[in-house]
Amino acid sequence: MFDAEKFIEEAVEELSRRIKGKAVIGISGGVDSTTAAILVHRAIGENLRCVLVDTGYMRKNEIENNEKMLTKLGLSVLVIDAKERFYEKLKGAVDPEQKRKIIGELFIRVFEEVAAKENVKFFVQGTIAPDWIESGGGLRDRIKSHHNVGGLPEKIEFEIVEPLRDLYKDEVRVIGCKLGLPPEIYERQPFPGPGLAVRILGEANPESVKIAREACAIVEEEIEKAVKNSEMSRPWQYFAVLLPCKTVGVHGDVRVYGAVVAVRAVESLDGMSAAYSKIPHDVLERISVRITNALKDEVSRVVFDITNKPPGTIEYE
Ligand code: XMP
């Protein structure tokens, strides 16, 4: 049986022993990195600096909202606008593993620059067990390189600290709750480190980001509204994906040759396996109508993904 109190006590003790001086944490505002930040903050207090990198692949208003939320939790937050650097490095990249590697490496380089400026030797990450298992840890096959594990470059200028490395998502949520995080954080749906870049199949450029960001926001809003109205229960994860193909459509009597957006929603416990969510057709229809109206010139078709994991992973890349 997982003993959260004991885990917290031992983790804080170990972190205070191990981290001498200052540390930075790469924080996204998700449950994993925020829980890791609170644990380390308990251990070393003001010596922890939280770095929120705006990769250009975050969801609508996510950077502003997360900065406010983390500051409210008493953490010291530094936002770094690295949008242009990420877009530039990902130009022409279409292979999923190549994209993940580029993002993982650039994340580290950005943190190294902060660390060098602030004379920091320790870099904290909110890595959890599925991240390294799926990245090919132990003798396992590499399913995908999670940005914080398989996406890391070989040469790194600081020591990596991962206090949640052996935990699964459901256990991290319990720890987050015990540490006093509000439910909107410890119950938050997962969002991958590489962000919208792995929800845009093909080149993740500013134009495609605009489409994926708006479509993701609509999926989230419509599903959350339906949950509030008791039309359905909240899926474990729900989002939109921009597919790399175009289809013919029609608006009024005008031809549209636009992109296809897939709606993905799954039920899961730890992300290692998942079943697609049986979303009511009315909700799916509202999502489809809103996406094709809001993105009239860009999107001509919306499809719903009915694949479980396995065989499909939750994210498309
Ligand atoms: P997959 O797509 O492998 O995802 O079924 C399982 C869970 O992990 C999330 N995910 C990531 N989380 N960094 C993360 O922090 C990553 O690189 C990453 N890739 C996938 C995914 O959203 C799902 O919840």
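Remember, it's a predicted structure, so these values are computed and weren't measured experimentally. Numbering of ligands and ligand atoms starts at 1, following listing order.
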Pocket residues of ligand 1, ordered first by chain and then by residue number (heavy-atom cut-off under 4.0 Å): Arg100, Glu134, Lys144, His146, His147, Pro190, Pro192, Gly193, Pro194, Trp236, Gln237, Gly271, Lys309, Thr313, Ile314, Glu315

Ion pair check, Glu315 and Lys144, cut-off under 4.0 Å: no

Lys/Arg N to Asp/Glu carboxylate O, Arg165 vs Asp131, below 4.0 Å: no

Face-on cation placement of Lys83 at Phe86 ring, 6.0 Å and 45° thresholds: no

Cationic N near anionic O, under 4.0 Å, Glu221 to Arg290: yes

With Val40, the side-chain contact (heavy atoms from CB on, under 4.5 Å) member among Val24, Ile19, Asn47: Ile19

Arg109 bridged to Glu112 by N-O distance under 4.0 Å: yes

